[in-house]
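Notes follow the structure.
Numbered from 1 within each chain, the chains take letters A, B, ... in sequence-line order.
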Number of protein chains: 2
Amino acid sequence: MKKLKRVTIYDIAEKLNLNPSSVSRALNNGSNVSLSTRELILKTAEEMNYKVNSIAANLRTGHNQTIGVIVPRINQNFFANVIAGIEEVTYEKGYNLVICQSNESADREIKCVNTLANQHVSCIIISVSADFEDYAHLENIRKQGISLIQFDRVADELDTMKVVNDNEKVSMEAVCHMISEGYQRIALLEGPQNLSIFRQRKAGYLAALKKYKLPVIPELIMENAWTTELGAAATKHLLALAEPPDAIFASTSDFSALGVLEVADELGIQVPQQLGICGYSNESFTQITNPSITTIEQNSVLMGKTIAQLYFDELESGTSVAQNKLVNIQPELIIRNSTLKLSR
Amino acid sequence: MKKLKRVTIYDIAEKLNLNPSSVSRALNNGSNVSLSTRELILKTAEEMNYKVNSIAANLRTGHNQTIGVIVPRINQNFFANVIAGIEEVTYEKGYNLVICQSNESADREIKCVNTLANQHVSCIIISVSADFEDYAHLENIRKQGISLIQFDRVADELDTMKVVNDNEKVSMEAVCHMISEGYQRIALLEGPQNLSIFRQRKAGYLAALKKYKLPVIPELIMENAWTTELGAAATKHLLALAEPPDAIFASTSDFSALGVLEVADELGIQVPQQLGICGYSNESFTQITNPSITTIEQNSVLMGKTIAQLYFDELESGTSVAQNKLVNIQPELIIRNSTLKLSR
DNA sequence: TAATTCTAGGCAATCGATTGCTTTTTTTAA
DNA sequence: TTAAAAAAAGCAATCGATTGCCTAGAATTA
């Protein structure tokens with residue numbers, strides 16, 4: 001059992017025959033302390049290996065320089081990059097990040113939110129989990145005076161700052177690209193429709209079909225195919241149809257697109273000649289598959305930076321001006337070999 | 001400007017005409033409170049939307065149920081998986097995780113350590129950054145009564161709990177496998193030798209050569225080739241030698257191995273027939289390259305679980321028994337096509 | 001019924017840093 | 001030389017929860 005007594009400002013004050021308040025002032029802004037005593041205090045603190053107790057300071061001041069981030073999983077490229085972007089900015093400002101994973105579970109998400117709230121973080125940045133019921137826990141955050149920023153997967157109905165990709169526009173662009181390459185029967189692998197990002201991607205797909213006056217064929221739209229395995233299964237089903245698709249837009253993820261590619265390989269179907277494939281997210285593997293996979297870059301690092309900047313803007317403006325602000329980060333279509341029917 | 005007053009136990013106490021201490025007891029262990037008042041307090045707390053202020057509680061009790069994790073980057077498979085493993089255990093125990101990235105910078109690592117220490121986390125779990133000078137900051141942690149567990153990249157000279165892979169053994173295994181497949185001139189891409197994991201991998205490589213009485217050829221050992229680009233550059237250099245290698249063990253990472261593969265493709269060199277390749281880490285892309293890449297699975301999730309378990313064991317035993325404990329997690333060689341010279 | 005033990009609840013100190021206010025000391029101005 | 005102003009330092013309350021100790025009343029026992 002360790003019973004280490006840490007050095008406090010009282011210890012320093014006692015040693016120097018000063019008052020703790022002077023020590024505190026010397027350590028912080030340096031106001032109301034003479035230069036000489038200030039230097040003495042700093043030196044002594046260093047010698048005694050003094051470390052501020054942030055907990056005590058936070059209790060007194062009521063705020064701590066910490067931002068909580070909740071994502072479904074940190075080991076997905078997109079989220080890892082957003083976090084990297086957030087961190088770039090927060091690090092500069094001297095803020096700490098607390099990163100939590102909801103593992104796509106609503107229960108866990110609620111727990112994370114509560115923990116962060118109990119710790120009085122200044123801001124919570126969240127991308128909601130796929131499995132959710134309601135947003136009471138998020139509304140609660142605001143009631144406690146904690147800033148809330150949603151990104152990517154956002155709850156539209158909630159009145160918060162939001163940073164999102166223009167999913168619809170880029171999805172439309174992707175499908176238009178496929179159509180102009182000569183694909184006619186384009187299937188869609190769609191994600192859980194309770195998440196708006198997936199609704200938007202579907203809307204983009206539909207808009208592209210409409211623009212080119214192509215029919216919407218219900219049997220070509222497959223639900224919830226967002227892992228490699230599910231993507232593969234959906235593809236098997238699609239290719240077994242009487243009139244199979246000649247292209248698949250895996251709007252859920254690149255993992256799903258990978259499943260499509262694997263099945264095509266297996267069945268000896270030529271990509272992109274007989275089947276076009278477009279994924280989503282620009283996972284690193286999409287450029288090393290054979291053929292490389294056309295996908296969508298979400299500019300995730302930029303998104304992260306934007307999110308963090310938004311918080312500090314609000315903070316520095318001193319007002320909650322930006323409450324219901326929506327920022328769009330433009331994603332980009334990355335055209336690779338898997339959709340180049342014409343040029344082959 | 002928000003000036004939200006949060007509900008405290010005093011508010012609850014006042015409302016119910018009770019003493020805050022009773023409220024606290026009711027909310028926690030429930031001792032010394034009658035069942036009826038306890039239920040009343042719980043109900044009222046719920047109604048008033050009371051949330052405990054962990055900061056205040058932590059200040060009083062002197063400990064918080066938080067564990068800090070510092071890794072070079074969270075967006076590397078290995079680290080993300082270790083974190084996932086840690087979280088699985090800590091979540092069960094009701095502990096929180098604070099995740100920080102050092103970005104391979106010593107400065108940043110020190111800042112992370114200090115921040116976590118100031119927040120009085122109960123334990124710091126760290127994999128040190130590649131760029132480092134000394135370990136004063138880590139020694140300091142212990143002086144402050146915070147448990148310290150190192151994993152993967154550890155500072156040998158520091159007296160802490162450590163959880164590592166048996167890098168040497170599995171590296172030897174990998175090189176032996178390549179030799180038995182008929183490769184004779186095996187090159188090594190080595191990592192920064194100030195990190196013991198890379199020294200160990202090199203030792204395994206040397207041990208394998210020795211076992212098979214193969215000569216150690218200095219010009220086949222390349223330093224610091226641990227990104228895709230550096231791996232590619234090193235490969236170009238190696239293949240331009242008068243006597244080029246017939247296999248490359250990219251002991252630094254799979255990314256490096258990917259660079260090797262790309263250069264081989266470019267130069268029209270057949271893998272595995274003319275050149276064998278073995279990477280390290282079992283990144284997901286290694287199974288979808290063409291050919292798939294032989295690599296080493298580090299059992300990272302298991303490692304994470306082990307780390308967390310180690311902490312709780314120490315905690316529950318109540319003693320610092322396990323101080324200088326070393327746990328080895330057995331990695332596995334994953335044989336794929338890139339080294340199968342014989343079977344082709 | 002009286003003596004004893006339990007229970008429920010109250011009181012107040014504590015954790016360590018911060019900060020408004022007051023007092024003392026120093027400096028400047030008259 | 002003295003009065004006024006400014007700087008430096010001290011005092012004490014505060015943030016919110018926890019906890020050792022104390023007491024009044026209830027329950028138990030003799």
Tell me the interatomic distance from [X], atom [atom1], to [N], atom [atom2], rounded to whole angstroms.
X       : N      : atom1 : atom2 : value
B:Glu14 : C:dC11 : CD    : P     : 14 Å
B:Ile41 : D:dA17 : CD1   : P     : 13 Å
A:Tyr10 : C:dG16 : OH    : P     : 9 Å
A:Lys51 : C:dA17 : NZ    : C1'   : 17 Å
A:Asp11 : C:dA17 : CG    : C1'   : 13 Å
B:Leu59 : D:dG16 : CG    : P     : 12 Å
B:Asn64 : C:dC15 : CG    : C1'   : 13 Å
A:Asn29 : C:dA17 : CG    : P     : 15 Å

Say whether, by atom type as modelled, one donor and one acceptor occur between the side chain of [X] and the main chain of [Y] under 3.5 angstrom.
X        : Y        : value
A:Arg142 : A:Asp159 : yes
A:Asn19  : A:Ala13  : no
A:Ser122 : A:Asn64  : yes
B:Thr37  : B:Val33  : no
B:Asn53  : B:Thr8   : no

With a 4.5 Å limit on heavy-atom distance, are the side chains of A:Leu138 and A:Ile141 in contact? yes
More 5' along DNA chain C: A:Ser54 or B:Asn19, using each one's nearest nucleotide? B:Asn19
Judged by each residue's nearest nucleotide on DNA chain C, which is more toward the 5′ side, B:Ala56 or B:Ser36? B:Ser36
State whether B:Ser34 places a side-chain N or O below 4.0 Å from either non-bridging phosphate oxygen (OP1 or OP2) of C:dG9. yes
Considering every strand and a 4.0 Å limit on heavy-atom distances, what is the contact class for B:Asn28: base, sugar-phosphate, or nothing? sugar-phosphate
Hey, does B:Asn17 reach any base, or is it just sugar-phosphate, or nothing, if we go heavy atoms under 4.0 Å? sugar-phosphate
Measure from the side-chain heavy atoms of A:Leu18 and tell me the nearest of C:dT19, D:dG10, D:dG16. D:dG10
Taking the side chain of B:Ser22 as heavy atoms from C-beta outward, which of D:dT18, C:dT18, C:dG10 is closest to it? C:dG10
Output one line per pair: protein atom, nucleotide atom from nucleotides 20-26 of chain C, and distance, for all N/O pairs under 3.5 Å.
| residue | atom | partner | partner atom | Å |
| --- | --- | --- | --- | --- |
| C:dG20 | O6 | A:Arg25 | NH2 | 3.4 |

Angle class for the B:Tyr95/B:Tyr311 ring planes (parallel below 30°, perpendicular above 60°, tilted otherwise)? perpendicular
